[in-house]
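These numbers come from the heavy atoms of this one structure, side chains and all, not from hydrogens, waters or symmetry mates.
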Amino acid sequence: MDNRDVIRDVFVHLFYDILQLEETAIITEEFNDITNNDMRIIVAVGLDGGNMSAIAGKLNITVGSLTTSMSSLVKKGYVVRQRSDKDRRVVNIRLTEKGKRAYFRRAQFHMEMVDAALKGLSEEEITVLAKTLTSLADFFEKCRK
């Protein structure tokens, strides 16, 4: 098997492994009522919150599609909706304390994953890996557009 085949196989397996591990690590007893999709929305809301249009834009979905999921997250206590005082048509979303805990749990998992991936690598290898992953991210960004 040549290096390109190895890299392709590793990418495919990493994609699925990360999704599965992330769900296992994040959907703990405290957060057993949310899905990976719910967590994507929580991350898109972020610590600063935002309006429905901005959040839908981050997720590359319509506001209509986001509305149903957002209603579920409101009921579960992860986010709150607030109408803008300036423009009543604008609905702003922010994380509750429970939502912030879920947000930080995901961030903690990702930090642990990166630490494990970099363990044993030299600074030079980390630099090459960072450059390679940045090139891959650039490729994905171009594909999205």
Considering all heavy atoms, the nearest Leu95-Tyr103 contact: CD1-CB, 4.0 Å
Single-linkage hydrophobic cluster Val91~Val74, side-chain heavy atoms < 4.5 angstrom: yes
Student check: side-chain heavy atoms of Ile93 and Leu73 closer than 4.5 Å: no
Backbone N/O of Val63 and side chain of Thr67: donor-acceptor pair under 3.5 Å: yes
For Leu21, all residues meeting side chain to side chain contact (heavy atoms under 4.5 Å, CB included), sequence neighbours excluded: Phe109
Distance in Å, His110 NE2 paired with Arg105 CZ, rounded so as to fall on 0.5 Å steps: 10.0 Å
Identified salt bridge (charged side-chain N to carboxylate O under 4.0 Å, His left out) partner of Glu30 from the options Lys98, Lys76, Arg101: Arg101
Heavy atoms of other groups near Asp115 CG, more than 12 under 6.0 Å: yes
Over 12 foreign heavy atoms within 6.0 Å of CG, Asn60: no
Ser122: side chain to side chain donor-acceptor pair (under 3.5 Å) partners, not counting sequence neighbours: Glu125
Residue pair Ile126, Glu123: steps toward the side-chain contact (heavy atoms from CB on, under 4.5 Å) verdict: CA-CA 5 Å; Ile126 292 171; Glu123 283 303 315; 4.0 Å; yes
Single-linkage hydrophobic cluster, 4.5 Å side-chain cutoff, Phe31 and Phe104 together: yes
Passing option when Tyr78 is tested against Asp38, Val45, Ile34 for side chain to side chain contact (heavy atoms under 4.5 Å, CB included): Ile34
Over all atoms of both residues, closest heavy-atom pair of Thr96 and Gly77: OG1-O, 2.5 Å
Verdict with reasoning, Met113 to Ile18, per side-chain contact (heavy atoms from CB on, under 4.5 Å): CA-CA 9 Å; Met113 183 177 62; Ile18 289 170; 4.0 Å; yes
Main-chain N/O of Lys131 paired with Ser135 side-chain donor or acceptor, under 3.5 Å: yes
Glu141, CD: over 12 other non-hydrogen atoms inside 6.0 angstrom: yes
Val90 backbone acceptor or donor facing Ser84 side chain under 3.5 Å: no
Residues forming a salt bridge (Lys or Arg N to Asp or Glu O under 4.0 Å) with Asp87, sequence neighbours excluded: Arg89
By side chain to side chain contact (heavy atoms under 4.5 Å, CB included) - contacts of Ala54 (at least two apart): Asn51
Backbone N/O of Arg88 and side chain of Arg83: donor-acceptor pair under 3.5 Å: yes
Counterpart residues, salt bridge (Lys or Arg N to Asp or Glu O under 4.0 Å), relative to Lys58 (two or more places apart): none
Point-to-point distance, once rounded to the nearest 0.5 Å, from CG of Asp33 to NZ of Lys75: 13.0 Å
Candidate pair Arg94 and Val79, rule side-chain contact (heavy atoms from CB on, under 4.5 Å), full reasoning: CA-CA 6 Å; Arg94 67 176 177 77; Val79 300; over 6 Å; no
Distance (rounded to the nearest 0.5 Å) between Phe140 CZ and Leu133 CG: 10.0 Å
hydrophobic_cluster_shared for Leu136 and Val10, side chain cutoff 4.5 Å: no
Straight-line distance of Ile61 CD1 to Asn37 CG, nearest 0.5 Å: 7.0 Å
Over all atoms of both residues, closest heavy-atom pair of Ile55 and Gly50: CD1-O, 3.7 Å
Pairwise distance CZ(Arg4) to CG(Asp9) - rounded to 0.5 angstrom: 14.0 Å
Nearest atoms (heavy-atom pairs only) where Ser69 meets Ile41: CB-CD1, 3.3 Å
Neighbour count >12 (heavy atoms, 6.0 Å) for atom CG, Asp48: no
Asp5: salt bridge (Lys or Arg N to Asp or Glu O under 4.0 Å) partners, not counting sequence neighbours: Arg8
